[in-house]
Each structure stands twice: as structure tokens, then as C-alpha cells.
There are 2 protein chains.
Amino acid sequence: MDQPRQKSPSRIQRQNRKRILDAALDTFSQHGYRGATLDQIAEAAGLSKPNILYYFTGKEDIHVTLLNRLMLTWLEPLERMEADGEPLEELLDYIRRKLKMSRDFPRESRLFANEILQGAPRMAPHLETGLKPLFDRKCQLIAGWVSAGRIAPVDPGHLIVSIWATTQHYADFEAQLAVLMPDRDAQWQSAQAHLEAMFRKLLTP
Amino acid sequence: MDQPRQKSPSRIQRQNRKRILDAALDTFSQHGYRGATLDQIAEAAGLSKPNILYYFTGKEDIHVTLLNRLMLTWLEPLERMEADGEPLEELLDYIRRKLKMSRDFPRESRLFANEILQGAPRMAPHLETGLKPLFDRKCQLIAGWVSAGRIAPVDPGHLIVSIWATTQHYADFEAQLAVLMPDRDAQWQSAQAHLEAMFRKLLTP
DNA sequence: CCGCTTTTTTACCATTTGGTAAAGTCACGA
DNA sequence: TCGTGACTTTACCAAATGGTAAAAAAGCGG
């Protein structure tokens with residue numbers, strides 16, 4: 001009927017959509033949804049504004065696309081925490097993966113933070129259907145470890161929240177940390193050591 | 001010469017400025033600087049836009065006024081952590097005060113978070129002259145406690161950052177927590193218990 | 001109640017913003 | 001190489017946005 005929605009996007013399609021999304025990630029993660037403008041995104045992408053609207057139906061479309069992509073990579077580190085291994089090592093591995101994501105994908109972290117700060121208007125469904133079930137599942141996993149005496153007694157929900165808070169903080173509050181801890185190179189190493197020590201102490205029975 | 005800058009603001013002045021700042025706090029904390037509009041602020045304040053510009057010279061003036069106010073109350077809990085008492089209790093008290101601020105002033109927390117997320121363009125001076133010296137001082141205080149063996153060895157800077165991260169998270173990511181932990185009433189209590197237990201374990205020698 | 005100051009409203013304005021129409025230009029298979 | 005569909009540009013537009021000028025309305029001390 002309307003748009004046959006091409007089965008295979010052309011090389012140009014792929015390339016330009018990627019450039020737009022990358023530019024939009026810069027812009028949205030810095031200014032939030034309302035604070036970002038299509039002109040900014042267009043300039044950062046090196047394309048004209050109407051050209052951007054050739055690839056996406058509108059500002060919201062770009063933002064939603066970014067959020068959809070984000071959720072995939074965002075949940076993955078937590079998903080990989082499983083019942084298989086030693087509980088303490090599973091949790092510490094999760095913390096390491098999460099901190100690494102803050103270092104490698106700070107823009108994604110800030111995009112997420114912005115969206116939540118603004119009340120998650122465009123992400124409530126994702127939270128409900130994507131994050132919540134995973135969160136509940138992992139809470140039960142941790143609760144199992146606790147009741148089996150394999151880690152120290154701890155509130156599973158607040159434990160996960162503390163892990164999120166401490167790891168994401170290094171990405172989201174980078175501008176503040178740049179003032180307080182100017183030596184950024186050594187920072188990631190000492191941050192990892194600190195978090196590892198802190199959660200190891202908390203979780204060791 | 002220009003404006004004699006009234007020595008005593010009238011009752012109406014005080015009242016309306018307060019209403020404007022309160023409305024602006026709502027708006028800026030939710031949408032960030034660029035995402036907030038004067039019309040929104042005006043409507044929330046119940047005043048006309050030109051009337052708002054009678055009390056403040058512009059959008060930025062309102063924002064800067066809010067940030068100035070914020071820094072005063074924001075640094076106070078950390079300032080109150082002193083060398084007098086028992087180190088562990090001083091730190092745990094600080095954590096309690098900080099968590100209480102997240103509960104009582106979530107808008108202020110989000111205003112701060114928004115500003116930092118956006119690269120702290122209007123707050124870099126405050127960070128440098130207000131926060132940084134205080135941070136360094138308290139790091140030294142903690143380092144002294146560590147080397148005296150009065151608390152467990154810990155990186156003072158990362159300790160403070162972890163306290164900020166975990167406590168502020170409950171205000172800044174409230175929209176996410178509302179989905180994951182719907183029972184908000186009991187949440188603050190269990191959050192405090194969790195944080196207290198966590199940092200007590202970390203800091204006990 | 002008067003006159004003067006403070007406060008508020010009305011009517012604007014230039015710029016920015018998200019978005020569209022339509023005319024071009026490009027790329028690539030026949 | 002030429003036609004056709006994919007891509008890009010130019011020229012717009014209506015609404016929103018930050019801000020201003022000046023008239024109107026309140027306050028208020030005397």
C-alpha cells in the first residue's frame with residue numbers, strides 16, 4: 001500500500017542512518033529530548049535537515065530508535081549473570097562488565113539517564129516489559145544465593161540498584177568527576193578496584 | 001547609576017520571585033536548561049511570561065539563581081562531616097543526611113544531575129571554587145582516618161563518589177525505581193538500611 | 001482621595017524549531 | 001548510455017520561543 005519498506009536497505013541507507021543515529025546520540029545524550037534540535041543533529045551528521053527527515057519520520061522516531069537499540073545492549077550484562085558459577089564471582093563480573101560499559105559507552109549511559117530524569121516518557125513500556133522482568137528474575141537469583149548462604153544477606157533489589165548507581169555514575173557525572181579527579185587515566189582502574197573491594201566486602205558471608 | 005537595586009524587596013517581590021523559582025525548579029529539573037521553556041515556567045507559576053521577565057532578566061538568570069541557591073544546601077551535609085566524632089559514625093551520618101536530601105529535595109537533585117549531564121556549562125565555576133576545595137578537604141580528612149587505622153583502608157575520593165552515586169540515584173532515577181520497586185513507602189527505609197549496612201561493612205576495619 | 005511607584009497586561013517581534021513540497025541530482029541495472 | 005528509482009537540495013511554513021515596549025492597573029504613603 002504505502003511504503004513497501006524495502007527488504008534490503010542500500011549501502012547509502014545503512015551509512016546515513018548510522019551517521020544520523022550517531023549524531024543524534026551525541027545530541028540527545030547531552031541535551032535530552034526536548035533540548036536537542038534537528039538542526040544540531042543534522043549539522044553533527046553532516047546532512048541537511050530535510051535529508052534527515054528522509055531517513056526518519058521525525059525527531060521522535062530517531063529518539064525511539066536510539067532507545068530501542070540501547071535496551072538491547074543495556075540489559076545484556078545483567079542477563080549474563082547466571083546461576084552457573086560462584087555467586088560472588090558472578091556478581092563481581094557483572095560489576096566489571098557494567099563499569100566497562102560506562103567507560104566504553106558513556107553517551108548511551110547519559111541518553112538513558114536523561115530519559116529517566118525526564119520521567120521516562122518514551123521508555124516506560126521498555127522498562128515495564130524489558131527491564132522489570134529481568135530485574136525480578138535476577139533478584140530471585142540473588143535471593144536464592146542469599147538463602148543458600150552463598151553470599152552475605154543483602155536486599156537483592158537494592159544491591160542491583162547500588163551497582164547501577166555506582167557504575168553509571170562514572171559516565172553520567174563525568175563532567176563533575178573531571179573537576180574533582182582530574183587524572184582521568186588512572187581513574188578507571190582505581191574505580192574498578194574500589195568497587196570490587198566494596199562489593200566484595202558487602203557480599204562475602 | 002542604573003538600577004539602585006532596592007535595599008528591601010517588597011512583599012510582592014519576595015512572594016513572586018519565590019513562586020517563579022519554585023515553578024522553574026519543577027521545569028528545569030525535569031527538562032534541563034534547553035528543554036525548559038519560559039511559557040512552561042510562567043504557567044506553572046501562574047504568572048504571565050512578561051511578568052516573569054519583570055522579576056528576572058532572562059531564562060538564564062532564573063537558572064543561575066537556582067544553581068546558586070542549590071550549591072549552598074547541597075554542600076552543607078558534607079561540610080558537617082567533621083573530625084570531631086567517631087569516623088565511622090561521621091560517615092554514616094553523612095550518608096543518612098545525603099539520603100534524606102534525596103528524599104526531601106528530589107527536584108534539586110535532578111536539577112543538579114541535569115546540569116552535570118549536560119556538561120555543567122553553567123556550573124563549572126561553582127564546581128571549581130565551591131565543590132572542589134570541600135571535596136579535597138574531606139578526602140584528606142578521610143585519608144587521615146584511614147592512616148590512623150580508624151576505618152578500613154579505602155580510596156577517599158571513590159568513597160565519596162560512591163556515597164553520592166548511591167544516595168542521589170534514589171532521587172534522580174525515581175522514574176525507573178517506581179517501575180522496579182512499586183512499593184515506594186517502604187523503599188526509603190529499606191534503602192537506608194541497605195546503604196548503612198553496605199558502607200558499614202566497607203568501612204569497618 | 002491623590003499622586004507616585006510598583007506590578008501586570010496587551011500587543012508585538014525576530015529567531016528558532018519541527019516538518020513539508022517539490023524540484024533537482026545521483027547511481028546503477030538493462 | 002539512458003531511464004528509473006533512490007537520494008538531496010531548495011524553498012518554504014506554521015507554531016513555538018525568548019524577549020521587548022508601552023499602556024493599564026494595583027498598591028500605598030500622605
Side-chain angles (χ1 to χ4, degrees), chain A residues 1-28 30-67 114 118 121-122, chain B residues 1-28 30-67 114 118 121-122:
Chain A
M1 265 292 135
D2 37 11
Q3 285 160 247
R5 190 53 76 189
Q6 277 176 257
K7 44 257 26 214
S8 63
S10 72
R11 176 180 43 90
I12 292 179
Q13 286 258 0
R14 275 195 307 276
Q15 185 190 27
N16 279 352
R17 282 183 67 99
K18 192 157 72 179
R19 282 170 65 185
I20 292 168
L21 288 174
D22 190 69
L25 181 56
D26 273 350
T27 309
F28 283 129
Q30 199 171 32
H31 297 111
Y33 180 73
R34 295 201 38 182
T37 73
L38 282 180
D39 293 279
Q40 268 180 293
I41 296 170
E43 195 191 329
L47 297 172
S48 68
K49 184 167 57 174
N51 202 3
I52 279 183
L53 293 168
Y54 172 75
Y55 291 102
F56 292 89
T57 64
K59 186 184 180 182
E60 184 148 10
D61 184 25
I62 303 176
H63 195 246
V64 167
T65 302
L66 281 176
L67 290 181
N114 256 305
Q118 292 164 22
R122 276 164 293 279
Chain B
M1 266 292 136
D2 36 12
Q3 287 160 248
R5 187 56 72 190
Q6 277 177 258
K7 45 259 24 215
S8 64
S10 72
R11 175 180 44 90
I12 292 180
Q13 286 258 357
R14 275 196 307 275
Q15 185 190 26
N16 280 351
R17 281 182 68 96
K18 191 157 71 179
R19 280 170 66 185
I20 292 168
L21 288 174
D22 190 68
L25 180 56
D26 272 350
T27 309
F28 282 129
Q30 199 171 40
H31 299 290
Y33 180 73
R34 296 201 37 187
T37 73
L38 282 180
D39 293 278
Q40 268 180 293
I41 296 170
E43 195 191 329
L47 298 171
S48 67
K49 184 167 58 176
N51 202 2
I52 279 183
L53 293 168
Y54 171 75
Y55 290 101
F56 292 90
T57 64
K59 186 183 178 181
E60 184 147 10
D61 184 24
I62 303 176
H63 195 246
V64 167
T65 302
L66 281 176
L67 290 181
N114 256 306
Q118 291 165 22
R122 276 163 293 279

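So that the names make sense, note that chain A is the first sequence line, chain B the second, and so on, each numbered from 1.
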Scan nucleotides 11-19 of chain C nucleotide by nucleotide, 5' to 3', and note B when protein non-hydrogen atoms come under 4.0 Å of the base, S if they reach only the sugar-phosphate, - if neither. B-----SBB
Please state whether the phosphate of C:dT6, meaning OP1 or OP2, lies under 4.0 angstrom from any side-chain nitrogen or oxygen of B:Gln13. no
In terms of side-chain heavy atoms, does A:Gln30 have a donor or acceptor partner in B:Arg34 at a distance below 3.5 Å? no
Using only side-chain N and O atoms of A:Ser48, determine if any of them is under 4.0 Å from OP1 or OP2 of D:dT9. yes
Taking all heavy atoms of A:His31 and all of A:Ala36, pick out the closest pair and write down the distance. CB-N, 3.8 Å
If you take all heavy atoms of A:Ala23 and A:Ala45, which pair is closest and at what distance? CB-N, 3.5 Å
Apply side-chain contact (heavy atoms from CB on, under 4.5 Å) to B:Glu60 and list each qualifying residue two or more places apart in sequence or on a separate chain. B:Tyr33, B:Val64, B:Arg122
Without decimals, in angstroms, what is the distance between B:Gln15 CD and C:dT7 C1'? 12 Å
Are side-chain heavy atoms of A:Ile62 and A:Tyr55 found at a separation under 4.5 Å? no
Expected output: side-chain B:Asp61 to main-chain B:Thr57 donor-acceptor under 3.5 Å: yes
Write down the distance between CG (A:Leu47) and P (C:dC26), rounded to a whole number of angstrom. 16 Å
Grab the two heavy atoms, one from A:Thr65 and one from A:Arg17, that are nearest each other, plus how far apart they are. CG2-NH2, 4.5 Å
Distance below 4.0 Å between B:Asn16 side-chain N/O and C:dT8 OP1 or OP2: yes
Answer yes or no: are there more than 12 heavy-atom neighbours, outside A:Glu43 itself, under 6.0 Å from its atom CD? no
Any side-chain N or O of B:Tyr54 less than 4.0 Å from the OP1 or OP2 oxygen of C:dT8? no
If I compare all heavy atoms of A:Thr37 with all of A:Thr27, which pair ends up nearest, and what's the gap? N-CG2, 4.3 Å
What's B:Phe56 touching, base or sugar-phosphate or nothing? Going by heavy atoms closer than 4.0 Å. nothing
Verify the contact: side-chain N or O of B:Asn51 to OP1 or OP2 of C:dT7, cut-off strictly under 4.0 Å; return yes or no. no
Rounding to 10 degrees, work out the angle separating the end axes of the helix from C:dC1-D:dG30 to C:dA30-D:dT1 (five pairs an end). 10°
Can you measure B:Arg17 atom CZ to C:dT7 atom P for me and round it to whole angstrom units? 11 Å
Determine: side-chain N/O of A:Tyr55 to OP1/OP2 of D:dT8, distance under 4.0 Å, yes or no. yes
